[in-house]
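Read the numbers this way: they start at 1 and go in the same order the structure lists the ligands and their atoms. For this chain, numbers begin at 1 and follow the sequence in order.
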Amino acid sequence: MAHVISEDCIACGACVGECPVEAISEGDIYVIDASLCTDCAACTEVCPTDAISQA
Ligand code: SF4
Ligand code: SF4
């Protein structure tokens with residue numbers, strides 16, 4: 001399992017610094033590397049558009 005970022009992402013960048021395993025990459029829509037994500041959910045708490053959810 002991993003968390004995923006939906007097209008609701010506005011590329012604010014808030015989630016990147018919250019991830020303890022550096023699984024989140026920048027882009028027009030940010031992307032979580034499923035092979036790194038530990039499902040800690042820290043990123044979900046800072047997302048202003050609720051774009052991050054568990055896959
Ligand atoms: Fe990183 Fe945790 Fe978010 Fe996965 S759930 S991308 S490990 S902050
Ligand atoms: Fe996108 Fe949410 Fe991350 Fe901001 S915090 S970059 S809106 S996923």
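The main-chain N or O of Asp8 is found under 3.5 Å from a side-chain atom of Thr49 such that the two form a donor-acceptor pair. Side-chain atoms of Asp33 never come within 3.5 Å of backbone atoms of Ser25 as a donor-acceptor pair (strictly under, hydrogens ignored).
Using a 4.0 Å cut-off to heavy atoms of Val21, the atoms of ligand 1 that qualify are 7 (S). Ligand 1 places these atoms under 4.0 Å from at least one heavy atom of Cys19: 1 (Fe), 6 (S), 7 (S), 8 (S). Remark: ligand 2 atoms within the under-4.0 Å shell around heavy atoms of Ile5 are 8 (S). Residue contact check: Ile52 has heavy atoms under 4.0 Å from atoms 8 (S) of ligand 2. With ligand atoms numbered from 1 in the order given, ligand 1 contributes 4 (Fe), 7 (S) to contacts under 4.0 Å with heavy atoms of Thr38. Taking every non-hydrogen atom of Cys37 and a distance limit under 4.0 Å, the qualifying atoms of ligand 1 come out as 4 (Fe), 5 (S), 6 (S), 7 (S). Each of the atoms 5 (S) of ligand 1 lies under 4.0 Å from some heavy atom of His3. Taking a cut-off of under 4.0 Å to the non-hydrogen atoms of Gly13, the atoms of ligand 2 that pass are 4 (Fe), 6 (S).
Heavy atoms only, all atoms of each residue included: Cys37 and Ala23 are closest at N-CB, 4.0 Å. Closest of all the heavy-atom pairs between Gly27 and Ala11 is O-CB, 3.7 Å. Closest of all the heavy-atom pairs between Pro48 and Ile10 is CG-CD1, 4.3 Å. When every heavy atom of Ala42 is checked against every heavy atom of Glu18, the shortest pair comes out as CB-O, 3.8 Å.
At a 4.0 Å heavy-atom cut-off, ligand 2 touches Ile10 through backbone and side chain alike. Contact annotation: for Ala41 versus ligand 1, heavy atoms closer than 4.0 Å belong to the backbone alone. No part of Val16 comes within 4.0 Å of ligand 2, judged by heavy-atom distances.
Look at Cys43 and atom 2 (Fe) of ligand 2: no N/O/S atom of the residue is under 2.8 Å from the metal. Not a single N, O or S atom of Cys47, from either the backbone or the side chain, sits less than 2.8 Å from atom 4 (Fe) of ligand 2.
Residues Ile29 and Ile32 fall within the same hydrophobic cluster, defined by Ile, Leu, Val, Met, Phe, Trp and Tyr side chains chained together at heavy-atom separations under 4.5 Å.
The only option from Val4, Thr44, Ile5 that meets the side chain to side chain contact (heavy atoms under 4.5 Å, CB included) definition with Ser53 turns out to be Val4.
Here the protein heavy atom with the shortest distance to atom 1 (Fe) of ligand 2 is Cys9 SG, 2.4 Å. Nearest non-hydrogen protein atom to atom 3 (Fe) of ligand 2 is Cys15 SG, 2.3 Å. Among all non-hydrogen protein atoms, the one lying nearest atom 4 (Fe) of ligand 2 is Cys12 SG, 2.3 Å. In terms of protein heavy-atom proximity, atom 2 (Fe) of ligand 1 is closest to Cys40 SG, 2.3 Å.
Inter-residue side-chain proximity for Met1 and Gln54 is flagged as met; some heavy-atom pair is nearer than 4.5 Å.
How far CG of Asp50 is from OG of Ser6: 9.0 Å, rounded to the nearest 0.5 Å. In this structure, His3 NE2 and Cys40 SG are separated by 7.5 Å, a value rounded to the nearest 0.5 Å.
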